[in-house]
Amino acid sequence: MANKNKNDNRTRLITLDKIRDKRGNLSVIESGKALPFPIARTYWIYDIPGGEHRGGHAYIKSEEFIIALSGSFEVYVNDGKEERTYTMNRCNQGLYIPAGTWRQMRNFATNSIALVIASTPYAPRDYIRCFDDFMRLKKEEEQQ
Ligand code: TYD
């Protein structure tokens with residue numbers, strides 16, 4: 001199993017197994033195995049024009065795992081206290097992002113493909129789209 005600590009609720013890179021043979025490499029994700037959440041949805045982002053950003057928002061409930069299936073891009077994350085930027089460029093490594101994390105994908109190389117695996121079905125009400133609202137909510141959570 002690629003992820004050894006399922007209770008670790010922080011943004012982190014998870015390296016998946018790579019099954020190599022002379023025909024090439026294969027990596028796999030099965031619900032309940034490699035990721036710390038059951039899979040409800042998969043989507044992918046592609047044909048991204050130069051200079052575009054994607055996903056400047058946070059989710060209230062949804063957890064995600066983001067992989068660069070092709071090319072490279074950066075994922076900026078902010079949990080309300082700390083910010084960090086991860087460079088994604090390996091097909092067998094993804095970024096786990098827990099709920100309540102601001103994240104933005106940027107600096108896509110030409111022909112990049114971002115695969116996103118999510119823990120919930122699509123729900124517009126799960127989005128926090130305003131960064132100031134996000135920071136306010138995080139401060140309120142901390143005070144509770
Ligand atoms: P959006 O979440 O704004 O994309 P990003 O976070 O990458 O900037 O979604 C863009 C559009 O796609 C928006 O009209 C909603 C739609 N969409 C779905 O229908 N289902 C989904 O699972 C997602 C992620 C988006």
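Positions are given from 1 along the sequence. As a basis for the values below, the full set of heavy atoms in this structure was taken, side chains included, without hydrogen atoms, waters or symmetry mates. Atoms within a ligand are numbered from 1 in the order they appear, just like the ligands themselves. Since the model is a prediction, treat every value here as computed from it, not as a measurement.
- When hydrogens are left out, the protein atom nearest atom 21 (C) of ligand 1 is Tyr122 CD1, 3.3 Å; that is the closest non-hydrogen contact.
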Query raised in the report: Run the side chain to side chain contact (heavy atoms under 4.5 Å, CB included) check on Tyr46 and Phe108 step by step: do they pass?
Result: CA-CA 10 Å; Tyr46 53 98; Phe108 288 90; over 6 Å; no
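- Distance check on atom 23 (C) of ligand 1: some protein heavy atom falls below the 4.0 Å cut-off.
- Contact between Ile117 and Ile29 at its shortest, heavy atoms only, is CD1-CD1, 3.5 Å.
- For the atom pair CG of Asp126 and NZ of Lys61, the computed distance is 7.0 Å after rounding to the nearest 0.5 Å.
- With sequence neighbours excluded, no residue satisfies ring pair (Phe, Tyr, Trp, His ring centres under 6.0 Å) with Phe65.
- Counting protein heavy atoms under 4.0 angstrom from atom 12 (O) of ligand 1 gives zero.
- Nearest approach of Arg10 to Tyr96, heavy atoms of both residues: O-CD2, 3.3 Å.
- Per-residue contacts place His57 under 4.0 angstrom from the following atoms of ligand 1 (heavy atoms of the residue considered): 6 (O).
- Atom 8 (O) of ligand 1 has Gly55 N, 2.8 Å as its closest protein atom, hydrogens excluded (heavy atom only).
- Between Trp102 and Phe134, the angle of the ring planes lies from 30° to 60°, which puts this pair in the tilted group.
- Inclusion of Arg41 in the set of residues having an N or O under 3.5 Å from an N or O of ligand 1 is warranted.
- Of the listed options Gln104, Arg54, Glu64, Arg54 places a heavy atom closest to atom 9 (O) of ligand 1.
- Considering backbone and side-chain atoms together, Tyr127 places an N or O closer than 3.5 Å to an N or O of ligand 1.
- Protein heavy atom at the shortest distance from atom 3 (O) of ligand 1 is Arg129 NH2, 3.5 Å.
- Listed here is the closest heavy atom pair of Arg12 and Asn9: NH1-N, 4.4 Å.
- The atoms of ligand 1 that sit less than 4.0 Å from any heavy atom of Ile45 are 7 (O).
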